[in-house]
There are 2 protein chains.
Amino acid sequence: MTDAAADTPTPPPTSPWERERPARARVAPVRAPLSRERIVEAAFIVLDRQGLDGLSMRQVAAELGVTVSALYAHVSSKDDLLELMYTRLFTGFAMPAPDPERWREQLRDFARSVRQRLLSHRDMARISMAHVPFTAELLPHVEALLAVFRTAGLPDRIAAEAGDLISTYIDGFVLEEGMWQDRAAQLGGGDSSMARPDWREMAGDMQDYFASLPAKDFPHLRALAGLMVTDSSDERFDIGLEIILRGLASYLPEPAADGGPDAPGAPDAPRPPDAT
Amino acid sequence: MTDAAADTPTPPPTSPWERERPARARVAPVRAPLSRERIVEAAFIVLDRQGLDGLSMRQVAAELGVTVSALYAHVSSKDDLLELMYTRLFTGFAMPAPDPERWREQLRDFARSVRQRLLSHRDMARISMAHVPFTAELLPHVEALLAVFRTAGLPDRIAAEAGDLISTYIDGFVLEEGMWQDRAAQLGGGDSSMARPDWREMAGDMQDYFASLPAKDFPHLRALAGLMVTDSSDERFDIGLEIILRGLASYLPEPAADGGPDAPGAPDAPRPPDAT
DNA sequence: CTCACCGGCAGAACGCTGTTCATTAAGATA
DNA sequence: TATCTTAATGAACAGCGTTCTGCCGGTGAG
């Protein structure tokens, strides 16, 4: 504070327009010491903005106002970060307590909730597809799912596959949803706010394309064009899910004459979504 | 040939040590003019050797003894090349003529054949997952699949989803197979010839891990550990497939008492793979 | 109070990627 | 023989994941 002040002249009193960063606030606002959680958080922001192909370590670092190498002090690799994002997507996910009388509804709710979580971040199904839920944080979820299957009365060999089957279905369905969405956005233009109308337009184009196929060679494709490309994917998701649930139900012993009106087990007893 | 020869002086007679390329035979042996087909072929070689992550345009070019930019005269982008590989994997795939009495067997054969094709090239399920079979070359296959569903008697809304459901299942299953295989190889060491013993060892480790979980918290996971990680994936594949087929069968009208011993339609009539 | 330490971040660098550009060599055509 | 077309080259650009070295500020010991 003596003559040393000549070497480091006291900066002029911070001018009003940059008053908001008084103490060493150039890049790192001194707060938030860059934890794993903050990195994951920033990664989700970049993911939603630029998609999985645009999710680079440099972009995540830029989102945090930090250099790339700083990330590697908390995250060992990009794969590590992706795995963190995958597990964080499903932590806190409420699993049902197994109820043998409601296992179909429980699985329906489960599947729909998983799909919603996957849809809550762009390209999340692609990330989910590349990972296996056998990490320590996600094992309880697998256990809870198995519990639903087994207490419902499914044979062990069926229960062992059912979880994979349903999870694969959800991931694959949402993945495909995202692909169509991307294709529509890319076809229409870069503006992401235009995704909606472009999607509807593209669905119409697809139906027109199917309808334009030679009737002699593609009778079934023409007949089902209106069903394969629909406005809302919710119905399609439920139908595929119902096929799986009915397949599982076929492995239950026949309800032994105690059958209430909602007795599970009979493969044709539970009402289909709307299979006229 | 007048004084213009001074501008382009005739090169000295090729010195003896570079005599081996008398007529433009340095890299391209003048034969095989680098068609799309040849590029795809080389891409498959690189894919099998280095996996999808090691499949770069430069590697493909090197495999052909050609520079990168030469590829772009025949292929518009890497995505284009991947799509070419995807469609070529399934061109020439024999689809069954729909037979209402054998639709389950036909679908089983179909699914197993598709799985074998996916397994015939490394990481092929990852490529398949990223594409939709709605290209001109693959549309007949979709049509044939729909024909099987509809002539079997499935409602249209079910038939429209069944193709996606089965395809997604196959892709997802093989994808997961490959993931475990990669993880085992990567854990054991880079030597690809060691893949087999490492896989078995890893399956044992997984089972041990499941068995070591606290019995109080993971009873079902412990009970099914031996079924979820098996030596051969063939059984598991068939079981998941059978669940789907039974689910589809549940949408058929009850067989009207004409039933032979192999009558399709009854969801519990066809024998499960081995669901004790 | 001083000094050494040490963790967390910056900056630069390496080798790789997909893609584009101008250039060149060779064959075909007139 | 002169021109045109084709196909491949080599260099370049921007970006990627990852690693290494060095700085800088806060902390505990003497």
Side-chain angles (χ1 to χ4, degrees), chain A residues 1-2 4 7-8 23-39 42-43 46-47 49-85 127 130 186, chain B residues 1-5 7-11 14 18 21-39 42-43 46-47 50-85 127 130 186:
Chain A
M1 264 185 213
T2 62
D7 294 342
T8 62
R24 186 219 180 209
R26 179 156 138 267
V27 283
V30 125
R31 305 284 162 235
L34 191 56
S35 64
R36 277 168 86 90
E37 201 56 36
R38 265 177 36 91
I39 293 180
V46 176
L47 179 71
R49 188 174 51 216
Q50 315 186 223
L52 181 57
D53 295 329
L55 175 64
S56 70
M57 299 297 280
R58 284 177 163 84
Q59 291 290 330
V60 175
E63 181 67 31
L64 290 164
V66 145
T67 51
V68 211
S69 52
L71 302 180
Y72 284 88
H74 306 265
V75 159
S76 68
S77 70
K78 187 183 181 182
D79 280 337
D80 188 24
L81 174 55
L82 289 176
E83 188 173 321
L84 250 52
M85 297 174 74
I127 299 180
Q186 163 186 356
Chain B
M1 215 185 252
T2 64
D3 52 354
D7 293 340
T8 62
T10 58
T14 54
E18 58 184 7
R21 42 181 171 122
R24 186 215 181 213
R26 179 156 138 264
V27 282
V30 126
R31 305 282 162 236
L34 191 55
S35 64
R36 275 169 87 90
E37 201 55 36
R38 262 177 39 89
I39 293 180
V46 175
L47 180 70
Q50 315 185 226
L52 181 58
D53 295 329
L55 175 64
S56 70
M57 299 298 278
R58 282 176 164 84
Q59 291 290 329
V60 174
E63 182 66 30
L64 290 164
V66 144
T67 50
V68 211
S69 49
L71 303 180
Y72 284 88
H74 305 264
V75 160
S76 69
S77 69
K78 187 184 181 181
D79 279 336
D80 187 24
L81 174 55
L82 290 176
E83 187 172 322
L84 250 51
M85 298 173 74
I127 299 180
Q186 162 186 356

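All chains are named by letter (A, B, ...) in the order of the sequence lines, taking the proteins before the strands, and each is independently numbered beginning at 1.
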Please list, chain by chain and in numerical order, all residues satisfying salt bridge (charged side-chain N to carboxylate O under 4.0 Å, His left out) with [X], sequence neighbours excluded.
X       : result
A:Arg49 : A:Glu63
A:Glu83 : none
A:Asp79 : none
B:Arg58 : none

Should A:Met85 and A:Leu82 count as side-chain neighbours, where that means a heavy-atom distance under 4.5 Å?
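Counting from C-beta outward, A:Met85 and A:Leu82 do come under 4.5 Å.
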Is there a side-chain contact between B:Ile127 and B:Leu47 (heavy atoms, below 4.5 Å)?
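When only atoms from C-beta onward are counted, B:Leu47 and B:Ile127 do touch, with a gap below 4.5 Å.
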Given side-chain contact (heavy atoms from CB on, under 4.5 Å), test B:Leu64 with B:Leu71 step by step and report yes or no.
CA-CA 10 Å; B:Leu64 290 164; B:Leu71 303 180; 4.0 Å; yes
Proximity to the side chain of A:Tyr72 - top-ranked nucleotide from C:dA10, D:dT18, D:dT9:
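Nearest to the side chain of A:Tyr72 among the choices is D:dT18.
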Let's see if you can work this out: which of D:dT18, C:dG18, D:dA8 has an atom nearest to the side-chain heavy atoms of B:Thr67?
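Closest nucleotide among those given: D:dA8.
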Strictly below 4.0 Å: does B:His74 bring a side-chain N or O up to OP1 or OP2 of D:dA7?
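It does not, given that no N or O in the side chain of B:His74 lies less than 4.0 Å from OP1 or OP2 of D:dA7.
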Starting from C1' on C:dC16, measure out to CE on A:Met57 and report it in whole angstrom.
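My rounded result for the distance is 17 Å.
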Is a side-chain donor or acceptor of B:His74 paired with a backbone partner of B:Leu34 at a separation under 3.5 angstrom?
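Yes: the side chain of B:His74 pairs with the backbone of B:Leu34.
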If we fit an axis to the first five pairs and another to the last five of the helix from C:dC1-D:dG30 to C:dA30-D:dT1, what angle do they make, to the nearest 10°?
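Taking five pairs per end, the axes differ by 20°.
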Which of residues 75-84 of chain B sit near DNA chain C, with a heavy atom under 4.0 Å from it?
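Nucleic-acid contacts, sorted: B:Ser77, B:Lys78.
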Checking side-chain contact (heavy atoms from CB on, under 4.5 Å) for the pair B:Arg36/B:Leu81: CA distance, chi angles, key distance, verdict?
CA-CA 9 Å; B:Arg36 275 169 87 90; B:Leu81 174 55; over 6 Å; no
Any base atoms under 4.0 Å from A:Ala73, or only sugar-phosphate, or nothing? Heavy atoms, all strands.
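No contact.
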Dump the pairs, protein N or O against N or O of nucleotides 11-15 of chain D, anything under 3.5 Å, distances to one decimal.
residue : atom : partner : partner atom : Å
D:dA12  : N6   : B:Arg58 : NH2          : 3.2

With sequence neighbours left out, what residues match B:Ser69 under side chain to side chain contact (heavy atoms under 4.5 Å, CB included)?
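Expected list: B:Thr67.
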Taking side chain to side chain donor-acceptor pair (under 3.5 Å) as the definition, give me every residue that meets it alongside A:Glu37, ordered by chain and number, with sequence neighbours left out.
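A:Glu37: side chain to side chain donor-acceptor pair (under 3.5 Å) contacts with A:Arg88.
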